[in-house]
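Atom set for the values below is all heavy atoms of this structure, side chains included, hydrogens, waters and symmetry mates excluded. Throughout, a chain's letter reflects where its sequence line sits, starting with A, and its residues are numbered from 1.
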Amino acid sequence: MELFWYLVLMFMLAMYVILDGYDFGAGIIHLFFGKTEKDKKAITSAIGPFWDANEVWLIASGGVLFFAFPTLYASSFSGFYLPLIMILWLLIFRAIGLELRGQVHNRMWERIWDKAFGIASLLLALFFGIALGNVVRGVNLGMVENGVSAHEPHYFFLPLWNPTFDPMAEHQGIIDWFTILLGIIAVVILTMHGANWIIFKTNAAINSKLKKTVFRLNFVLLALIIVSLSVWHIIDPNPFRNFLEHPWLWIFPLMTAIGFGGLFRVQTFKKDITGFLCSSLFLFGGFASTAASIFPNLLPSTNDVNPSLTVYNVAAHEYGLGVGVIWFIVAAILVGVYFFIQHKVFKGKMDDVGYGEH
Amino acid sequence: MEDMLFYDRIQFAFTITFHYLFPQLTMGLSLMIVYFKWKFLRSKDEKYNDAAKFWMKIFALNFAMGVVTGIPMEFQFGTNWAKFSELTGGIIGQTLAMEGMFSFFLESSFLGLFLFGEKLLGHKLHFVTGFLVFLGSWASGFLIIATHSWMQNPVGYEILANGKFVLNNFGALFSNPWLWPSFLHNQMASVVTSSFVVAAIGAFYLLNNKHSQFGQLFVKTGVVFGLISSVLVAFPTGDLTAKNVVKHQPITFAAMEGIFETEEGGSEIVLIGQPNIQDKKLDNKIAVPNVLSFLTYQNWDQTVKGLNEFEEENYPTNIPGLYYGYHIMVGLGTIFIGLMAVASFFLFRKKLYKTHWILWILMFMIPFPYIANTMGWYTAELGRQPWLVYNLLRTTEGASPTVSSGNTLFTLLGFVGLYLLLGMLFLILVGKIINKGPHPVKH
């Protein structure tokens, strides 16, 4: 039963990364490439009717985490207190940047909200990458010092950084060189992903320029991936243990590789959707590979005193999880129907939807 | 330790108070927009469609504010109330996860269609999307109040040896006797807010001689919805909610009503007075004998228990706050019924649009349903203290063990600043929409 909810949660988080990921990417593109009013309008129209529903995947994932793995929810949300609250503030700025911009026709007003939307999107991509880095690296559960836990074994608290930015330091911080590396990877891949979405959903004048950008950024991404894989062993000495035991798991790294390879050919794709599918495949494969490499851990412990938080030691009670399956299946079917209707009505190019005009 | 709990509580109270200014309008307003759209489909009179479109703009702005201030609420259970989340997540996580899955996806998917899809969908399907947005927002209210009701009156649970609450009866969460009266009371209160807002904007247009056709429509619709909802919010829903408090939380009821000592032979109802906690009495009291006994038990002579009959360690932690919250809510609710009854009388006599003194009052009433709603929630939340889960888990046991008071104060100050900005932006923009007014009928 825990396993079912683990798969549900991971699927929902992956959906969030793919869907809201293109919103963040579009925001970053907006920040760096949105020069003319027409391009800016095309970018915001491409995500306008979707971003709110995309953000719901985060809220719903939070709800499922709370309900199915309450101990993990309590531990990680209080332990990552500061970055999570900052993510909330950034989500607020991203949303009001998008929604308020069109309400007043004044150049200064528009410029302020353009920047708010773009910068918040960039920082959100960075923060979510850093968050993933923190989960992979693990935390000092129980806040052990000299072999003694200062708190209950599943609680911890991390400051934003420590003076050395060393992930293996005794007093860790949220931001260290490893987590910031994953943060930068997230910014790069989501920028490409957002560009692919804009190419897919608009006829904007910048689209050919964006294709070139995706192509070039793919080399940057390649370099960053090589760096991260070559230092990964410092964080986790044996990241392939699950893959060696269950060879079918290689399907996830394979998906990442196919998506990645596809992105090198972005300039030759005949259909505008193909690039977006490639980056989605890359994100899904990358997210699933990372999750699989630490399974059954959900939040590894970096000390020897307290055990890691796993799928099995943080789950809610059997009855509640069982009864949840029934309503969840009903809800999931409904969500699928809404998703289908939404994307059917707003199918094709979005340039003329006129988002945010009142 | 004391400081930590204090900041955790202030942050939750501040963010939820600010958040709920928006959903209380959107829940009621979605019903009224669906009504306007329905009138349009029936009568084909463009006036109603323009009215719906105008209110959709205000709805969209409120909805966006509600969404961005709502996400911090779900996060804060974990960030600031980790111990509470760990112990009860198997139960309250159930209803909160259902809210995400059943209501937020519905609302967010169809809101985009509702706001931008009128031309693509045609009027009938557009009406359907509006109805689905209404349904989603009320489902959200229902699941939140199901969560709230479990905390007020826990049902369907057992407590394990390690202190964790686990669910053993899913159905009990929804047949909780606390749930239905509170839900309907809250939804009616939400319709009160939207009715008063619609009527106030209508009065503003009439008094300004602008958009008079819409002014009349808004005043009329606001007054009719307002009369019905202000009556329903008191009887039966408010009455049943209060009776739940008497039955399940008698100590809270004593504090709400300001009864320090049990009165033999029937309790008086206090209209005005200031609780004096030190001397355990009410100062400057004006009260009517025996009425409280009648309202509570339909019996003039029955005794209502006073605070003196309970242990002091279980007293609500802020008795004056609870007492004032309750009295302000009830006082305003009574004024709402009276005002809407008078306005309805003038409407019926076809004199309302020219009776300026009532229009002025209607216009200036805008803040009061918000105050009444907020005070109602303060009554519920302060009344539950000193418990998080009534009689089972104390508020002092629920906060996050590792988050220091300095960090909480940091984020609290951040929220205060950010919400101040949001509030100002909201007022500027909503003022702009109102000043511009609905599109005049072109046909």
Side-chain angles (χ1 to χ4, degrees), chain A residues 48-50 52-53 55-56 58-64 66-71 73-79 81-82 84-85 88-89 91-92 95-96 99-100 103-104 143 151-152 154-157 316-317 319-320 323-324 327-328 331-332 334-335 338-339 341-342 345-346 353-355 358, chain B residues 57 60-61 64 67-69 71-72 74-75 77-80 82-94 96-102 104-106 108-113 115-117 120-121 160 164 166-168 170 400-404 407 410-411 414 418 422 425 429 432-433:
Chain A
F50 305 113
D52 187 20
E55 197 169 291
V56 172
L58 176 69
I59 306 166
S61 304
V64 168
F66 192 179
F67 140 76
F69 303 106
T71 307
Y73 170 79
S75 160
S76 58
F77 275 46
S78 61
Y81 183 83
L82 290 172
L84 277 176
I85 302 276
L88 292 173
W89 295 344
L91 284 171
I92 291 176
I96 61 174
E99 292 296 314
L100 300 193
Q103 301 261 357
V104 176
M143 302 182 84
H151 285 280
E152 282 184 84
H154 46 280
Y155 282 108
F156 68 97
F157 182 87
H317 202 248
Y319 170 80
V323 83
W327 63 252
F328 183 82
L334 290 172
V335 171
Y338 310 153
F339 191 82
I341 293 174
Q342 193 194 14
V345 173
F346 293 114
V353 170
Y355 188 75
H358 292 271
Chain B
K57 281 184 206 165
L61 189 60
V67 170
V68 298
T69 56
I71 303 172
E74 196 204 29
F75 275 50
F77 286 108
T79 52
N80 295 71
K83 204 65 209 171
F84 167 62
S85 304
E86 183 197 345
L87 296 177
T88 65
I91 298 175
I92 63 164
Q94 189 95 226
L96 290 173
M98 287 176 79
E99 188 195 18
M101 292 300 297
F102 282 105
F104 294 155
F105 275 113
L106 181 64
S108 62
S109 306
F110 289 99
L111 183 70
L113 291 167
L115 296 179
F116 305 105
L120 290 167
L121 293 168
L160 302 182
K164 285 195 185 176
V166 296
L167 190 65
N168 63 15
F170 180 72
S400 300
T402 59
V403 181
S404 70
N407 282 306
F410 174 75
T411 56
L418 188 53
L422 283 184
L425 289 168
L429 294 173
K432 198 175 153 262
I433 297 172

Euclidean distance, [Y] [atom2] relative to [X] [atom1], rounded to 0.5 Å:
{"X": "A/Ile341", "Y": "B/Phe110", "atom1": "CD1", "atom2": "CZ", "answer": "4.0 Å"}
{"X": "B/Thr88", "Y": "A/Phe66", "atom1": "OG1", "atom2": "CZ", "answer": "5.5 Å"}
{"X": "B/Ser109", "Y": "A/Phe50", "atom1": "OG", "atom2": "CZ", "answer": "10.5 Å"}
{"X": "A/Ile85", "Y": "B/Thr79", "atom1": "CD1", "atom2": "OG1", "answer": "4.0 Å"}

Portion of [X] that has a non-hydrogen atom of chain B nearer than 4.5 angstrom:
{"X": "A/Ile59", "value": "both"}
{"X": "A/Ala316", "value": "side chain"}
{"X": "A/Ile92", "value": "both"}
{"X": "A/Phe69", "value": "neither"}

Can you check whether [X] reaches [Y] side chain to side chain, under 4.5 Å on heavy atoms?
{"X": "A/Val345", "Y": "B/Phe116", "value": "no"}
{"X": "A/Leu88", "Y": "B/Thr411", "value": "no"}
{"X": "B/Leu61", "Y": "A/Gln103", "value": "yes"}
{"X": "A/Trp327", "Y": "B/Phe102", "value": "yes"}
{"X": "B/Lys83", "Y": "A/Tyr155", "value": "yes"}
{"X": "A/Tyr338", "Y": "B/Leu106", "value": "yes"}
{"X": "B/Met101", "Y": "A/Val335", "value": "yes"}
{"X": "B/Phe105", "Y": "A/Phe339", "value": "no"}

For [X], which atoms come within 4.5 Å of any heavy atom of chain A: side chain, backbone, both, or neither?
{"X": "B/Ile91", "answer": "neither"}
{"X": "B/Leu422", "answer": "side chain"}
{"X": "B/Leu418", "answer": "side chain"}
{"X": "B/Leu120", "answer": "side chain"}
{"X": "B/Phe84", "answer": "neither"}
{"X": "B/Lys164", "answer": "side chain"}
{"X": "B/Val67", "answer": "side chain"}

Under the salt bridge (Lys or Arg N to Asp or Glu O under 4.0 Å) rule, collect the residues that match up with A/Glu55, sequence neighbours excluded.
-> A/Arg94
For B/Ser108 and A/Asp52, work out which heavy atoms get closest and say how close.
-> CB-OD2, 3.8 Å
Compare every heavy atom of B/Ala82 with every heavy atom of A/Ala74, then report the nearest pair and how far apart it is.
-> CB-O, 3.2 Å
Chain B: which of A/Ala332, A/Ala331, A/Ser75 shares the most heavy-atom pairs with it under 4.5 Å?
-> A/Ala331
Against chain B, work out which of A/Ala68, A/Pro70, A/Gly62 has the most heavy-atom pairs shorter than 4.5 Å and name it.
-> A/Pro70
Pick whichever of [options] has the most heavy-atom pairs under 4.5 Å with chain A.
{"options": "B/Leu429, B/Leu96, B/Ile92", "answer": "B/Leu429"}
{"options": "B/Gly112, B/Gly90, B/Gly100, B/Pro72", "answer": "B/Pro72"}
{"options": "B/Pro401, B/Ser400, B/Ala64", "answer": "B/Pro401"}

Given the rule in the side-chain contact (heavy atoms from CB on, under 4.5 Å) test, do A/Leu58 and B/Phe75 qualify, once you have shown the distances and angles that lead to the verdict?
-> CA-CA 11 Å; A/Leu58 176 69; B/Phe75 275 50; 4.2 Å; yes
Evaluation steps, side-chain contact (heavy atoms from CB on, under 4.5 Å), between B/Phe77 and A/Tyr73 = CA-CA 9 Å; B/Phe77 286 108; A/Tyr73 170 79; 3.3 Å; yes
What residues, two or more places apart in sequence or in another chain, satisfy ring-ring contact (aromatic ring centres under 6.0 Å, His included) together with A/Phe157?
-> none
Would you please test A/His317 and B/Leu160 for side-chain contact (heavy atoms from CB on, under 4.5 Å) and show each step?
-> CA-CA 10 Å; A/His317 202 248; B/Leu160 302 182; 4.2 Å; yes
Kindly check if the number of other-residue, nucleotide or ligand heavy atoms within 6.0 Å of OH (A/Tyr319) is above 12?
-> yes
With side-chain contact (heavy atoms from CB on, under 4.5 Å) as the test, would you mind laying out the steps for A/Tyr81 and B/Thr402 before giving the verdict?
-> CA-CA 9 Å; A/Tyr81 183 83; B/Thr402 59; over 6 Å; no
